[in-house]
Each structure stands twice: as structure tokens, then as C-alpha cells.
Amino acid sequence: MEKPTLPKGTRDFGPAVMAKRQFIFETIRNVFQKFGFQPLETPAMENLSTLTGKYGEEGDQLLFKILNSGDFLKDADAELLSTKSSKQITSSIAEKGLRYDLTVPFARFVVMNRNEITFPFKRYQIQPVWRADRPQKGRYREFYQCDADVVGTDSLLCEAEIILMITEAFKGLGIVDYTIKINHRGILSGIAETIGAKQNETSLFVAIDKLDKIGEEKVKEELRPKGFSEESLTTLFEILHVKGSNTNKSAFLQSRFDASESGQKGLRDLQEVFNLLKNYNASDNHVEFDVSLARGLSYYTGCIFEVKINNVAIGSVSGGGRYDNLTQAFGDKENLSGVGFSFGVDRIYDAMEELNLFPKGATATSKVLVCHLDDDSLYYGLGVLSALRAEGIASEIYPDNAKLKKQLDFANKKAIPYTIVIGPDEAQSGLLAFKNMDRGEQEKLPIERIIEKIKQP
RNA sequence: GUGGAUGUAGCUCAGUUGGUUAGAGCAUCAGAUUGUGAUUCUGAGGGUCGCGGGUUCGAGUCCCGUCUUUCACCCCA
């Protein structure tokens, strides 16, 4: 028989990995809840019409589509089928798709439940998403996102709190060396206006987003064929080369944005966010105003964020921004402004693994293994087991009659720190052989004393 | 979606210009030790050399296809 395999870009998570993953999930969940966000889950699959057109052309290509049930070809448009054009045919044989992110399903949920929701609505959502990407380092076809979004308020408090949540989550995870990059779509538009490239915004943003990766020359090479003049490129890089503190950068841009309404709006917003952070008594050590930050998802309209862990060759581990028109895309008449961000658990995991940041005792396992030498001691052991569990001590008993050697070996492999060996003598006297697996020390104690010992480290 | 690399035991890898029966370490199992693991010693099991085709007297080795993993691009968490 052929060995089973996994679909490309997906993974199993064994117990050791799960312990670490859960540490990340719990840390993030606690932060979300502490900031007043409430949980939401949505289905893995959405109607394709919900998903398409929200992520730009590239995004649509990366959607996993689900074949219609039944004899889907019978109902398909025969004329379309004869064209053999997959793109065209898709819509007639697949009406569902796997979610690509959590923000769009959330917007769909908000519009569907408009009347039941009290605004501003703060929700968090921790679920997997799927992208039909080609996998590579830090990039999977199935991965978990942890989203927190607020919808129904323009307040820049939300942006400030996003920064606080990132800071707090990373503190909990033990990640110290990271950068929260922040920018504003208005500022990007301002730049486009200033260099006279308003018609060509998208290619401009895509190109400058790569600046720190490919460098100035390559960005210019990419833009020249798209109709950018040398003069506009020179101006562009005068702006992009802005250096210094966040305040310095703002001041410099202010001087260039005389003629740009949206540029000024962007600057005002950012300054307000910085100002709010001060009032929280929060340090903005990790926050960097990065004029070249653009981000791909097309639905952002205001502040945008991206978080990178330094000295690790993994893309961004978190990102987000404000989107003003997303609910409108689902036919909502009144505009609801939303802002949110997302942690990429899988990348955070990879980064923490690379930096050796997982706490040592993270693997969840029993504290005690009860070992036994014959049937009678096994029965006696069940009482011991119950006594341990009644005290909240995670414990298990070896289920088979096996050599003591094998039982101790089992404890060893599962990294269970204590064992209790029960034989005829122990069952008779009630003095149990309590063994510390690390030190190899063993003493005979009554169960009450053993419980005490385990509880006080 | 485009281009490059990769695949030999459960894991990490050797394997000569193509030549007999494909090896090692670790892991597993058993025993030395019928009540003591993580350190010792002895032994055993485990392979359609990713899969399919081709060249050849002969292929783990060369050629083609395919899949996996991986790197870069596109894009992104």
C-alpha cells in the first residue's frame, strides 16, 4: 500500500509542537480578552462571491475553490466548458471557497447581523485560513491567524490599542527585538499626488513596499517602464529617504504635502496615534513610522501596520490596518469604518523556534506516572491515582502489566517528572516508593506526603 | 503561476568512472538484570533506493516524465 501523504503546504502538529502552539494561542487570546474583544468563529468555507474581488487580482488566484456537490458538470454551462478556460468555468462549477483571511468573513458577518450588533463592535477570531500559494519558508497553504478588529468607530484609539496589544502579546511571548511599522494610506496617496502619479497608485505602492528588500535602484527599474519620469522618481526618493525620529519624519512630510489633502489627513492621524500612545504612558520604542510601508491587501484606507521580528529571515508576523469601505462591499448602505490586525501564529512559531524563545516547561504532560508490579498493586494504584487527581495533579497509570523497566522508560520518554512505584510491600504498608526522575532519588512516603511534595516544588 | 535544487531504514546521512547480497550513527524491539529509567554490554528487526518509463548484459548511480520537500520570483501571515 502506498504511504499516505499530506496535501502540499499543510502539516500535522504533534503533541510537542502543539504545546508550543497553544502557548502562543493562549498568550494572544489573553491579550485580546484583556482589551475587551469578544470571540467569533465563522465557517471555513464562504460563498465564493463573498471572497472574490476583496483581495485584488492576485488574491483571487490564491483562493481555494470548492467543487459543487453532485454532478456538477451536468449543470455547468456547456458553452463555457467547451472553451476550456478554467477561469471562466470556475464560477459555474464552484460556488464555495475556503476563507483567505478573517477580516472579510468578519465584514460579511457584521453586515448580516447589523441589527443585533452593538457598535462599536470588538471581536477577535482565531482560526485557520487557506491560500493556494506555493509554499516556502514561513509560507503555508493552511495557517492560523489571530485577528482582532473593531468596527463602527473612526476613533484612532483603536489604532493606538492595536499597538498596545502587539506590544503586550510580544512581551508575553518573550519576543523583545521587533519593529512595529506604521504608515497611512493617505500618506501614500499624498506621495502619489506629490510626484504626479495619482493614476498609477497601485504599481507605485507595490514597488515602494519592496524598497527595503530590493533597494532603490530596483524600485526605479520597476517603475520606469510604468511611465514614471526621472523627475518624479527623484522626488519620490527625496521623500522616501526621510530619516530621523517619527516626529522628524512627520515634520518633513508636512512640508511636502502642502497640496495634498489626503497626505495631510494621513499625517494628522499618525500624529494623533503617537499622541494617544503617550497618554497611555506607553513607550513607542518599537514603533517606526515607515513611509515605504504599503501592504498588498487593497481594502485598507487609513493607518496600516506591519510587524517584523528582527534578525529572523521570516516575513511579517503581524499586519493590519483601517478599512473604511469593506462593509459597503457587502451592500451595506451606511459606511462602517473598521480597523484590525492579525497575528500569524505559524510564522511567530517559526521565529520563536529559530530564536529559541519557547519556555522550557512548555510541553504539557502528566506530573506523575503510577507504576505497578502486579494486578493487586495496579488496583491499589487506581486509588492513588484518584487521590492525586483529586488534588489537581495531572497523573496517569501505566495501563498494562509490564516490566518496571518499561514503565520507568515510558515516564522518561514522556518527560514525566515523578513516578510512584507500587508493589506488594507498598500496597501493604501504604508507604509508596516516590521517585524523582530527574535526580534519580527515591523515598518511601505515604500518599499525603507525596502530594505535599509535588505541590510545593 | 514562473525558474532552480532535492528525494537512499522511523530520523540524520554514506554509497567510487554504472558491476555480486545497499551501509553507518541515532531511534525501535529483545536479552544481560523475574522491583528501578535517563549512563553500560550483547543481539535482532527494519529498504520496491519517492513513483513511472527508458538506455544497458547489468541502474541507488545515466536519460525522460511525474510527485514531494525546499529556495528565489509574484504575492503575503
Side-chain angles (χ1 to χ4, degrees), chain A residues 1-11 14 24 28 55-63 86-87 99-103 126-147 166 202-203 205-207 209-210 213-214 218 222 294-298 305-309 313-320 340-351 369 371-374 377 398 401-427 432-442 444:
Chain A
M1 194 154 89
E2 236 173 274
K3 270 190 193 172
T5 57
L6 284 172
K8 200 196 279 258
T10 67
R11 298 144 305 150
I24 300 175
I28 292 172
Y55 309 106
E57 254 178 75
E58 294 282 347
D60 285 356
Q61 269 195 314
L62 298 179
L63 286 173
S86 315
K87 261 189 198 167
R99 73 165 99 80
Y100 177 94
D101 72 356
L102 300 177
T103 311
I126 300 180
Q127 287 189 277
V129 302
W130 294 268
R131 295 183 189 179
D133 225 351
R134 189 174 283 203
Q136 55 182 274
K137 184 169 188 173
R139 173 178 298 184
Y140 306 98
R141 290 184 143 182
E142 177 184 64
F143 60 97
Y144 272 76
Q145 290 196 326
C146 304
D147 265 47
I166 294 170
T202 315
S203 21
F205 297 167
V206 169
D209 194 39
K210 293 185 224 165
K213 201 171 167 189
I214 62 175
K218 295 264 180 188
E222 194 170 320
R295 293 188 55 75
L297 294 181
S298 45
F305 312 93
E306 191 162 291
V307 184
K308 290 210 67 168
I309 298 177
I314 284 172
S316 60
V317 294
S318 175
F341 76 113
S342 181
F343 287 112
V345 173
D346 305 78
R347 283 189 178 176
I348 291 177
Y349 181 99
D350 290 346
L369 178 74
C371 306
H372 46 85
L373 300 169
D374 53 33
S377 29
Y398 197 85
N401 286 320
K403 287 186 183 167
L404 185 54
K405 178 183 156 91
K406 193 164 180 185
Q407 300 186 42
L408 291 173
D409 202 31
F410 176 79
N412 213 35
K413 277 180 193 137
K414 279 188 78 176
I416 296 173
Y418 302 104
T419 51
I420 295 174
V421 180
I422 302 173
D425 297 351
E426 285 83 358
L432 312 180
F434 176 59
K435 180 160 187 159
N436 180 319
M437 296 299 281
D438 267 349
R439 297 192 204 139
E441 291 163 4
Q442 182 175 320
K444 289 214 163 186

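Proteins get letters first, then strands, A, B, ... in listed order; numbering begins at 1 in each.
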Please pick, from [options], the nucleotide with the shortest atom-to-atom distance to any side-chain atom of [X].
X         : options                : result
Phe143(A) : A30(B), C75(B), A77(B) : A77(B)
Leu373(A) : U36(B), G35(B), A30(B) : G35(B)
Met437(A) : U36(B), G37(B), U70(B) : G37(B)
Leu62(A)  : C75(B), G37(B), A77(B) : C75(B)
Val421(A) : G35(B), C73(B), A38(B) : G35(B)
Lys413(A) : C75(B), C29(B), G35(B) : C29(B)
Asp425(A) : U36(B), G37(B), G35(B) : G35(B)
Leu408(A) : A72(B), U36(B), C74(B) : U36(B)

[X] side-chain N/O to [Y] backbone N/O, donor-acceptor pair under 3.5 Å:
X         : Y         : answer
Ser377(A) : Leu373(A) : yes
Asp346(A) : Tyr144(A) : yes
Ser342(A) : Ser318(A) : no

For atom [atom1] of [X] and atom [atom2] of [N], their distance in whole Å:
X         : N      : atom1 : atom2 : answer
Leu63(A)  : G1(B)  : CG    : P     : 14 Å
Asp209(A) : A77(B) : CG    : C1'   : 14 Å
Gln136(A) : C76(B) : CD    : C1'   : 10 Å
Ile314(A) : U70(B) : CD1   : P     : 13 Å
Asp346(A) : C76(B) : CG    : P     : 18 Å
Lys210(A) : C76(B) : NZ    : P     : 10 Å
Lys403(A) : A32(B) : NZ    : C1'   : 10 Å
Ile28(A)  : A77(B) : CD1   : P     : 15 Å

Any N or O donor-acceptor pair under 3.5 Å from the base of [N] to the side chain of [X]?
X         : N      : value
Arg139(A) : C75(B) : yes
Asp409(A) : G37(B) : no
Lys8(A)   : U68(B) : no
Gln407(A) : U36(B) : no
Arg347(A) : C76(B) : yes

Determine the Euclidean distance between corresponding [atom1] atoms of [M] and [N]; express it in Å to zero decimal places.
N      : M      : atom1 : value
U70(B) : G25(B) : C1'   : 25 Å
U2(B)  : C75(B) : C1'   : 13 Å
A32(B) : U39(B) : C1'   : 16 Å
G18(B) : C63(B) : C1'   : 13 Å
C13(B) : U55(B) : C1'   : 30 Å
G54(B) : G43(B) : P     : 44 Å
G15(B) : A22(B) : C1'   : 7 Å
A27(B) : G10(B) : C1'   : 7 Å

For [X], answer base if it contacts any base atom (sugar-phosphate contacts may also be present), sugar-phosphate if it contacts only those atoms, and nothing otherwise; contact means non-hydrogen atoms under 4.0 Å.
X         : result
Gln61(A)  : nothing
Gly9(A)   : sugar-phosphate
Tyr140(A) : base
Val317(A) : sugar-phosphate
Gly138(A) : base
Val345(A) : nothing
Glu306(A) : nothing
Ser316(A) : sugar-phosphate
Thr419(A) : nothing

Hey, what do you get for CG (Leu432(A)) to NZ (Lys444(A)), rounding to the nearest 0.5 Å?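 Reported value, rounded in 0.5 Å steps: 8.5 Å.
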
Counting only Watson-Crick or G-U wobble pairs whose two distances fall under 3.5 Å, which nucleotide matches [N]?
N      : value
U2(B)  : A72(B)
U33(B) : none
U61(B) : none

For Ile214(A) and for Leu6(A), find the nucleotide of RNA chain B with the closest heavy atom, then tell me which residue's nucleotide is more 5'. Leu6(A)

By nearest-heavy-atom nucleotide on RNA chain B, the more 5' of Glu222(A) and Gly319(A) is Glu222(A)

Output all residues satisfying side chain to side chain contact (heavy atoms under 4.5 Å, CB included) with Pro135(A), sequence neighbours left out; order by chain, then residue number. Lys8(A), Arg141(A)

Do Asp147(A) and Phe341(A) have side chains that approach each other closer than 4.5 Å (heavy atoms only, starting at C-beta)? no

Do Ile166(A) and Phe343(A) come within less than 4.5 Å of each other through their side chains, counting heavy atoms only?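 Yes, at least one pair of side-chain atoms sits under 4.5 Å.
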
Phe343(A) stacking on A77(B): centroids under 5.5 Å, ring planes under 30°?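 Taking the rule of under 5.5 Å and under 30°, the ring of Phe343(A) does not stack on A77(B).
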
So Lys413(A) and Asp409(A), salt bridge (Lys or Arg N to Asp or Glu O under 4.0 Å) or not? Walk me through it. CA-CA 6 Å; Lys413(A) 277 180 193 137; Asp409(A) 202 31; 2.9 Å; yes

What is the ring orientation for Tyr398(A) with Phe410(A), classed by angle as parallel under 30°, tilted 30 to 60°, or perpendicular over 60°?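 The arrangement is perpendicular - the two ring planes meet at more than 60°.
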
With respect to the phosphate group of U36(B), does any side-chain polar atom (N or O) of Lys405(A) fall under 4.0 Å of OP1 or OP2? no

